[in-house]
Amino acid sequence: NHNVIVCAPTGAGKTVVGEMALRIALQRDTQAIYTTPLKALSNQKFGEMRKIFGADRVGLATGDVSIRRGADVTVMTTEVYRNIAWRAKTGVDSLLDGVDVDGILVDANMLE
């Protein structure tokens with residue numbers, strides 16, 4: 001049970017690390033968030049994650065779209081995640097209806 005930040009150039013395989021973390025979260029029967037810096041990338045990852053983990057287990061949250069709220073894996077923009085974190089800190093209800101999330105994955109573009 002450790003936190004990990006993966007910093008590597010584009011194409012180095014960071015997504016593989018993220019997918020393994022999501023698999024571990026699902027095996028432990030916990031929820032996870034996968035973040036990306038752009039709505040278009042969130043939409044792309046949403047499609048990819050649905051193929052990998054099953055359409056019924058993956059949700060999407062962007063500034064204007066929310067699909068399968070409370071799913072086991074939620075793909076979202078970092079802006080949406082930031083707002084959730086702020087609401088949690090201030091006591092305002094979050095997009096995830098107060099669900100405890102055990103893992104958060106940040107797309108590498110956020111670290112550049």
Side-chain angles (χ1 to χ4, degrees):
N1 294 334
H2 299 286
N3 296 316
V4 176
I5 296 176
V6 178
C7 300
T10 300
K14 297 176 294 293
T15 299
V16 174
V17 176
E19 288 175 11
M20 279 307 301
L22 293 173
R23 287 182 194 281
I24 291 168
L26 294 175
Q27 287 173 352
R28 292 180 180 176
D29 199 29
T30 59
Q31 292 180 308
I33 295 172
Y34 187 100
T35 67
T36 72
L38 304 170
K39 180 180 171 187
L41 188 53
S42 289
N43 290 332
Q44 176 187 335
K45 292 296 181 184
F46 173 64
E48 292 172 8
M49 298 297 174
R50 288 176 49 151
K51 290 177 184 173
I52 295 168
F53 300 112
D56 59 329
R57 298 188 86 181
V58 180
L60 175 69
T62 63
D64 57 347
V65 174
S66 180
I67 300 171
R68 270 186 289 299
R69 243 166 95 163
D72 295 331
V73 174
T74 302
V75 178
M76 67 179 62
T77 59
T78 51
E79 177 184 12
V80 170
Y81 176 72
R82 182 199 67 217
N83 291 338
I84 290 171
W86 180 81
R87 288 181 193 133
K89 183 177 180 182
T90 61
V92 178
D93 290 338
S94 74
L95 275 175
L96 297 177
D97 294 329
V99 173
D100 289 332
V101 175
D102 297 302
I104 300 168
L105 302 168
V106 179
D107 188 88
N109 290 330
M110 286 298 301
L111 303 175
E112 295 178 346

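Positions are given from 1, in the same order as the sequence printed here. Atom set for the values below is all heavy atoms of this structure, side chains included, hydrogens, waters and symmetry mates excluded.
Atom OG1 of residue T62 and atom CD1 of residue I67 lie 8.0 Å apart, to the nearest 0.5 angstrom. In this structure, OG1 on T77 lies 9.5 Å from CG on N43, to the nearest 0.5 angstrom. Residue I33 holds its CD1 atom at 12.0 Å from OG1 of T78, rounded to the nearest 0.5 Å.
Contact detail for R57 and A71: the closest heavy-atom pair is O-CB, 3.6 Å. The two residues F46 and R68 have their closest heavy-atom pair at CZ-NH2, 3.6 Å. Across A61 and V80, no two heavy atoms sit closer than the pair O-CG2, 3.9 Å. Annotation for D72 and L26: closest pair CB-CD2, 3.4 Å, computed over non-hydrogen atoms. Here the closest heavy-atom approach between residue E19 and residue F53 is recorded as O-CZ, 3.8 Å.
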Quick one, T74 with Y81, criterion side-chain contact (heavy atoms from CB on, under 4.5 Å). Give me CA distance, side-chain angles, the key distance, then yes/no. CA-CA 10 Å; T74 302; Y81 176 72; over 6 Å; no
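Exactly one residue among R50, K45, Q44 makes a side chain to side chain contact (heavy atoms under 4.5 Å, CB included) with V75. That residue is K45.
One N or O on the side chain of T30 and one on the backbone of A25 form a donor-acceptor pair closer than 3.5 Å.
A donor and an acceptor atom, one from each side chain of S42 and T36, are located under 3.5 Å apart.
Annotation: side chain of M20 is in contact with side chain of R23 (closest heavy-atom distance under 4.5 Å).
Residues I24 and I52 do not share a hydrophobic cluster, defined by chaining ILVMFWY side chains whose heavy atoms lie under 4.5 Å apart.
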